Every structure is written in structure tokens, then in C-alpha cells.
Amino acid sequence: MKEVENILNELNTAQQEAVQCIDGPLMVIAGAGSGKTRVLTYRIAYMLTQGIDPFRILALTFTNKAAAEMKERIFKLVGGSNAKSVIMGTFHSVFYRILRAEGDKLGYTHNLTVYDTDDSKSVLRSIIKEMNLDPKVYVVNTVLSRISSAKSSLLSAEEYANNHEITQIDAANGRPHIAEIFIRYNRRLKNSDAMDFDDLLYYMNVLLRDFPEVLYKYQNRFQYILVDEYQDTNYAQYMIIKKLAAAHQNICVVGDDAQSIYAFRGANIQNILNFKRDYPTARVVKLEQNYRSTQNIVNAANAIIKNNKDQLFKEVWTSNEEGDRISIVQSASDNEEAQFVANTISDYKVNYHVDNNQFAILYRTNAQSRALEEALIKRRIPYKIYAGVSFYKRKEIKDILAYFRLTINHYDEESLRRVINYPQRGIGATTVEKVIICAREHKVHLWDVVDNPDAFQLDVNTAAKVKLQEFATKIKSYTAMLQTSNAYDLGKHIAFNSGLIDELKSDITEKERLENVEELLDSMKEFTEKEPETSFNEETGEIITEYFPSLDRYVENVALLIDDDQEKEKDLDAVKLMTIHAAKGLEFDYVFLTGMEENLFPSSLALNTRQELEEERRLFYVAITRAKKKLTLTHCKTRYKFGSLQFCEPSQFLDEIPECYIKTTKKASAGRGAFAQQRQGGLFSKSYPSTFTTNLKPVASAQPKPKVIDNPLAAQVGRPATLEDIEEDTRVYHSKFGYGMVVSTEGEGPEMKAIINFDTVGTKTLLLKFAKLIIPN
DNA sequence: ATGGAGACCTTTTTT
DNA sequence: AGGTCTCCAT
């Protein structure tokens with residue numbers, strides 16, 4: 001174990017203060033790149049050197065990755081079982097563990113299943129169908145988000161239904177039945193002995209609220225609480241923390257209000273802004289020295305975030321070198337933007353011998369990745385996209401996990417429905433429907449009917465009944481093995497015995513899915529052989545150092561896991577592509593932030609309120625502060641959106657960067673005037689032919705891209721027209737028809753048309769997205 | 001039962 | 001454009 005002095009010597013003054021202040025409430029405002037994780041881990045290490053019992057320390061994170069990383073780093077600092085024994089994990093996983101132990105008080109069992117978002121949606125779909133509601137009105141996503149935010153605000157379904165304000169909003173939106181759906185949804189989950197993600201927080205609150213002895217127990221257990229990313233907590237999380245910390249007040253929250261970017265998921269920035277109000281005696285430590293980025297980047301980021309009203313004061317600074325100025329580059333189209341980025345990366349690699357993995361290309365929306373990918377492929381630059389479906393959300397993985405879950409919990413309705421006829425075993429949709437109706441009529445579980453159709457006078461033919469019972473028998477045979485076979489043995493048995501493996505093998509195109517199942521089995525093997533982590537019995541507080549690695553243990557662990565192949569990713573030398581959200585917490589030498597355009601970033605959907613715009617600005621702040629050495633912002637004049645070509649204006653955020661940090665000057669005028677400005681020069685002045693040729697094999701989807709609107713005449717006679725330009729009596733120039741006057745317009749957005757009376761060729765009706773009109777000088 | 005055509009809808013997404 | 005969902009035809 002490291003000595004106390006050593007731990008403290010590696011920290012600056014503010015960091016030391018944050019580390020040593022272990023009693024009483026503390027808020028650490030950690031600016032970007034200020035060594036937040038370092039403080040968190042050193043703080044825990046420090047506490048351990050002070051003789052604090054690791055079992056008394058609770059550290060909550062938002063991601064499994066963050067928890068794992070912290071664990072590893074603490075282990076390196078202090079080593080041994082001490083580090084392992086700190087209760088560290090995501091909000092959801094820690095509370096899931098507690099709820100499994102205490103859930104009987106709320107009418108759940110210790111086999112409690114967690115439904116992920118897909119499961120929730122599937123339940124909702126079936127309820128909406130059962131209620132004969134129009135799925136086009138009751139859009140699953142909308143309904144789920146209503147329910148989710150209610151739960152995050154600790155509103156029960158009944159309170160929701162009885163709240164006039166809420167029901168009136170729903171009614172006004174034409175969805176008066178959401179409250180009823182909510183009630184049924186909860187009932188369905190309860191009946192399945194399942195909780196969704198929000199329930200894990202909601203019921204943890206209920207537990208602490210309604211059972212004083214439980215509250216007392218955990219207040220006593222967790223005498224030191226640390227919360228990472230506090231700015232992203234929602235109300236439910238906030239309340240849990242508040243209740244747990246109420247007795248001892250040893251609560252340390254770490255975060256950065258400037259990096260709060262998850263309001264759309266219920267995160268409430270007020271939690272961090274109001275910490276002082278909640279804990280008047282709280283100490284506040286600000287980590288303001290940035291160790292990551294150049295002065296230009298840090299200063300630009302500071303200047304931008306100043307435009308937000310909701311924030312805590314802090315002045316981030318760095319002693320790093322001044323560095324390159326920020327480049328702003330305009331391209332004619334999204335494809336050219338992508339080519340520019342790829343070419344620049346190539347240049348850097350050649351000139352400065354930079355590895356691929358020091359580059360990141362960031363964007364606001366996932367859809368933007370395609371053009372970038374194609375350009376990188378052309379340039380033969382290895383890349384990896386960080387997005388898409390996580391391993392545990394893949395169909396084949398969910399299928400096999402559904403078998404596991406059903407084995408453990410027969411009442412898990414979603415799992416039952418998922419696998420009852422997959423692989424096909426002659427239990428068709430009609431039979432399943434009848435089972436559902438029958439179960440609802442008798443108010444029993446689907447499983448009960450499947451297991452014993454005759455007991456409930458199920459109205460299907462004998463053959464179907466036999467098949468149902470065969471299925472139930474099969475599952476029960478798995479259940480019987482839970483105590484005798486370890487997770488790997490049973491998992492493998494189920495994979496083969498259920499027919500799942502054969503099903504995947506039979507279809508040659510499913511090879512990847514088969515491999516994924518094999519990978520899952522590998523991970524089960526690893527789990528089975530792994531030395532168990534120290535745990536403790538929630539009920540008795542007894543420390544458990546050994547347990548049988550059974551399937552239910554495995555599922556418990558995997559239920560809330562997302563990342564899988566972190567290890568592989570670490571040494572992968574590839575350019576990284578991801579959304580800005582996904583980039584939070586990461587850093588790269590060279591960052592390209594693409595699509596700096598109005599309506600894309602900031603998103604057109606975030607322009608309604610100041611709060612929304614401020615969140616976009618924080619997102620911009622996060623993006624900028626990812627860069628260590630060099631930041632390049634790109635935007636283009638046209639971009640394909642939803643399949644049609646759109647004109648784009650530079651993002652208003654570009655105007656917020658003081659010119660002294662920008663490589664190429666940018667005139668102050670925003671909006672129209674800024675549109676035609678050229679932003680080239682310096683390092684990026686080199687132009688690349690737009691028909692960049694290589695002798696490589698063509699890109700996967702090598703369809704010829706529609707020719708970009710890039711009219712060379714524009715520079716001579718005027719600027720390209722935007723949709724907003726076109727109105728009655730607007731004077732325009734067309735490369736083929738010459739000058740003319742707009743007579744009238746019809747339609748909106750990409751489909752907007754204009755009737756134009758041309759001086760020489762007469763009246764024409766033009767679809768504006770194709771017309772390449774120019775506003776004459 | 002199963003698959004193909006067409007309609008529809010697009011932000012971000014730690015669990 | 002592209003993915004997902006629905007519905008209809010086979």
C-alpha cells in the first residue's frame with residue numbers, strides 16, 4: 001500500500017484538499033481535464049489509508065466502465081482486498097443488488113429480473129395493442145418517455161393518473177390513456193417479477209421511504225458516499241443519495257456543471273447547482289487547472305461556456321503551451337467535409353508520424369458517420385465507430401439471455417414470449433395469443449397456463465397443448481440444474497438443448513450471430529472460473545468471499561452490463577468516430593468536430609428554450625475540451641439530411657469563439673452574410689480534388705453520389721440562395737435560365753418549389769433543392 | 001408462417 | 001438514405 005505522503009505528493013493543492021476532506025459534505029467541481037478520476041481514486045485510497053472500512057464506502061458511477069476503471073486504479077494504489085471491498089458500481093447495479101435482497105418487502109422476489117429498454121417497449125407495445133389504442137398516436141417511445149420521466153421524478157402510476165396537470169397535458173396531446181397504460185405497464189412488470197431501469201431507482205426510494213429499518217441499515221452501512229458525474233443525476237438518484245447521506249453527512253459529489261449533457265434523459269443540472277443549498281455546511285473545491293489541452297483550446301472553451309446562464313463560476317486555466325489555433329474549415333458538401341478530414345489525417349500521419357488512435361472525429365448525430373466512413377475507407381485509414389448496438393442488445397444475445405432469465409424466473413413474461421417459439425417449435429402466434437387471453441382471464445402468469453394448460457381450460461388443440469407442456473418441461477429441466485451446474489455448463493447446455501445453436505448454424509448468414517453466442521459462452525466460462533469478488537449478504541451484512549458461480553449469479557452480473565470488449569479497444573490503432581455524447585470523458589490529441597451547422601449543432605430540436613440551447617452549448621464545450629493538441633471545426637454548405645439535399649448555415653456557436661483563438665478569420669456577421677464566406681488558409685489551404693481517385697476497391701455502397709451543388713458562378717455573380725432567401729419578388733440567378741424574379745412559392749422545407757419568371761426564357765417552376773439558385777450581388 | 005413491398009420516421013442515449 | 005415496422009400476399 002502506498003504511503004499517505006506519496007498519495008498526496010502526486011496532487012496539486014486543490015486536488016489535495018478534495019482528497020483529504022473526507023468528513024462532511026463536499027462538492028468537487030472538476031473542470032474538463034482537471035484530473036477528476038484521479039481525485040476520486042486517490043480520495044478513496046486516502047480514506048483506506050486512514051483506516052476507514054472499505055465496506056463503509058459507497059462509490060456510485062453512471063457507467064460500468066467508470067466503475068471498473070476506478071476499481072482498477074484504486075487497486076493499483078492500495079492493492080489487496082481492501083480495494084476490492086469498496087462498494088463501487090453504477091447506481092443501477094448497486095441498487096439492483098439491494099433490491100434483490102430487500103425486494104420481498106415490496107412484493108418482489110430475489111429472482112427479480114431487470115427489463116432493459118427493449119423489453120419495456122415490447123411490454124408497452126403489447127399493452128397498447130390490448131387496449132385497442134392506435135399505435136400511431138400512442139407511439140411507444142413517447143409513452144415510455146412519459147413513464148420514464150414520471151418514475152425519475154418519483155411519481156407513481158397512481159399519482160400520475162390523479163395529477164390533473166399531467167393528465168391534462170396528455171389529453172391535450174391527444175393521448176388521454178397514458179396514465180392507464182402506465183398503470184397496466186407497472187402491473188405487468190410486477191407480475192413478471194421485473195423492474196425496468198427507472199424502477200431500480202424508483203423502488204430504491206420507496207424502500208428507503210417506507211421502511212425505516214432499511215433506511216437505517218443502509219445509512220449505517222454506507223457512511224461515506226461518493227458520487228461521480230453528479231451533474232447527470234436525476235431526481236430519483238438525488239433523493240436516494242440525500243436519504244442515504246442524511247445520517248452521517250459524509251457525502252462527496254464530483255462533477256462539472258459545464259458538462260451536463262443528459263437533461264433529455266432526466267438529468268437535472270439543478271442538483272449540482274443547488275448542492276450548497278442542500279448542504280449549507282458543504283465545502284466546495286474547484287479543480288481549475290487543466291492538464292489536458294493547449295491554452296488556445298482551454299481559453300476558447302471558457303469563452304464559449306460563459307454564454308450560459310445556468311452555471312457555477314469557475315475559471316479553468318492551463319500551464320500547457322499555447323498550441324495551434326483552432327481551425328475552422330468550410331466545405332461545399334458533407335462528402336467534401338469528410339474527404340477533408342480524411343486527407344488532413346493522412347497529412348498529419350505522414351508529416352508528424354501520428355498514430356491513428358490519436359485522432360477522433362466527433363459529430364452531433366450518428367447519421368453523420370457514413371460520409372466520414374467512406375472517406376476514411378478511400379484513404380485506407382483504419383477507423384472504428386463507437387456506437388450502435390451494444391453486445392447485450394443484439395438479438396442472439398437477448399435470445400439466449402431470455403432463456404437464462406426464464407430459467408431463473410418463470411414469470412418473466414417478456415422472456416417467455418421471446419423464446420416460446422424460437423427456435424420454432426410449432427407454438428404459433430395464435431396459440432400464444434390464446435395463452436395470453438387465458439392467463440389474463442384467470443389472472444395467472446403466462447407460465448402457469450403454458451405449464452398446465454388443462455388447469456385453465458386453454459382453448460387449443462391437443463397437439464398445441466403437448467407442445468406447450470414440452471416447452472415448460474424443457475425450461476424446468478434447466479431450472480433444476482441451477483444449483484448443480486455452474487453458469488458455463490448450464491449456459492452451454494441451454495444454448496444447445498434449446499436448439500438455438502442449431503438454428504444459427506442452419507443459416508450461413510448468421511455466422512456472426514453464432515460467433516457472438518460463442519463469445520457470450522466464453523465470457524461465462526471466464527465468469528465461472530474467475531475468483532469471486534468479495535461481496536456481502538445484504539440481509540445480514542455478512543461478508544461473503546465465496547459463492548457458487550451459478551447461472552443466476554451470472555445473469556445478475558450481466559443484467560446491467562453494457563461494454564464488453566474494452567480490452568480489445570485499448571490497443572486498437574484506429575481513428576475513432578463517435579457522437580459528442582459518446583466522447584464525454586475521453587481525450588484525443590487531434591479532434592475534428594464536424595457538422596458545425598445551424599439546425600444540426602445546435603440541433604434544430606433544441607432551439608425552443610434557453611435551457612435546451614444551453615445544453616447544446618455544454619455539448620459544444622464537451623466536444624472542444626476533448627482535444628489535447630489540435631482542434632478542427634468543420635461545416636459545410638450543403639448536406640444530405642433524410643435523403644434530400646439541404647443548405648446549411650454555419651453554427652451560431654462558431655461565432656462564440658473569440659477570433660484570437662481561431663486560425664482563419666471569420667467575420668462577425670452571423671446568418672446570411674456568413675454563408676458564402678471562405679474559411680481557408682494556413683495549414684488547411686491545400687485543396688484536394690473533389691474526385692479523389694485511388695486504385696483501391698470501391699466503397700461498399702459505391703453508388704455515384706448525387707453531384708454536389710457547388711456552382712462556380714456563385715463567386716462571380718452572388719451567393720448560393722438558401723430556402724429562406726426565396727420569397728415573392730426575390731431576384732435570382734440561375735446558371736441555365738439566367739436572371740429572373742420569384743413570382744410565388746409553394747411547399748416548405750426540402751420540397752419547396754418556386755415559380756420564377758425568367759427574363760429571357762419565361763416562367764418556370766423549380767424544385768428549390770435542385771435549382772442551384774444564386775442571389776446576385 | 002414468412003417474406004417482400006411499401007409507409008414511415010428520423011437527436012443525443014451512461015442504465 | 002436507411003432502418004424499422006406493418007400489412008398483405010403467398
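Not measured: the values here are computed from a predicted model. Proteins get letters first, then strands, A, B, ... in listed order; numbering begins at 1 in each.
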- Item | Residue A/R125, side-chain atoms from C-beta onward, closest of C/dC5, C/dG2, B/dT13 | C/dC5
- For atom OH of A/Y262 and atom P of B/dT11, their distance in whole Å: 16 Å
- Item | Separation of atom NZ in A/K121 from atom C1' in C/dC5, rounded to whole Å | 13 Å
- Task: Figure out the CG/C1' separation between A/N234 and B/dT14, and round it to whole Å.
- Result: 12 Å
- Partner of A/D119 under salt bridge (charged side-chain N to carboxylate O under 4.0 Å, His left out), picked from A/R405, A/R188, A/R418, is A/R405
- Short side-chain N/O contact from A/N64 to OP1 or OP2 of B/dT14, under 4.0 Å: no
- Message: Less than 4.0 angstrom between a side-chain N/O of A/N366 and OP1 or OP2 of C/dG2, yes or no?
- Response: no
- Item | Residue whose nearest DNA chain B nucleotide is more 5′ - A/L619 or A/I427 | A/I427
- Message: I want to know whether A/H635 and A/F601 have ring centres closer than 6.0 Å.
- Response: no
- In whole angstroms, how far is the P atom of C/dG2 from the CD atom of A/E373? 11 Å
- Do the ring centers of A/Y230 and A/Y238 come within less than 6.0 Å of each other? no
- Nucleotide of B/dT13, B/dT15, B/dT11 approaching A/F197 most closely (side-chain heavy atoms): B/dT15
- Heavy atoms under 4.0 Å, any strand shown: does A/D196 hit a base, just sugar-phosphate, or nothing? nothing
- Item | Side chain of A/F62 - closest among B/dT12, B/dT14, B/dT15 | B/dT14
- Message: Under 4.0 Å from OP1 or OP2 of B/dT14: is there any side-chain N or O of A/R265 that close?
- Response: no
- Between C/dT4 (P) and A/F642 (CZ): distance, integer Å: 16 Å
- Note on the structure: Of B/dT13, B/dT11, B/dT14, the nucleotide closest to the side chain of A/L605 is B/dT11
- Message: As a quick check of understanding, evaluate side-chain hydrogen bond (donor to acceptor under 3.5 Å, both in side chains) for A/T365 and A/Q368, giving each step before the final call.
- Response: CA-CA 6 Å; A/T365 67; A/Q368 289 166 251; 3.0 Å; yes
- Answer with base, sugar-phosphate or nothing: what part of the nucleic acid does A/F91 contact at a heavy-atom distance below 4.0 Å? nothing
- Task: For the pair A/D228 and A/K36, evaluate salt bridge (charged side-chain N to carboxylate O under 4.0 Å, His left out) and give the outcome as yes or no after the intermediate values.
- Result: CA-CA 9 Å; A/D228 191 16; A/K36 182 194 71 168; 3.1 Å; yes
- Distance check: side-chain N/O of A/T579 vs OP1/OP2 of B/dT13, anything under 4.0 Å? yes
- Closest to the side chain of A/H92, out of B/dT15, B/dT12, C/dA1, is B/dT15
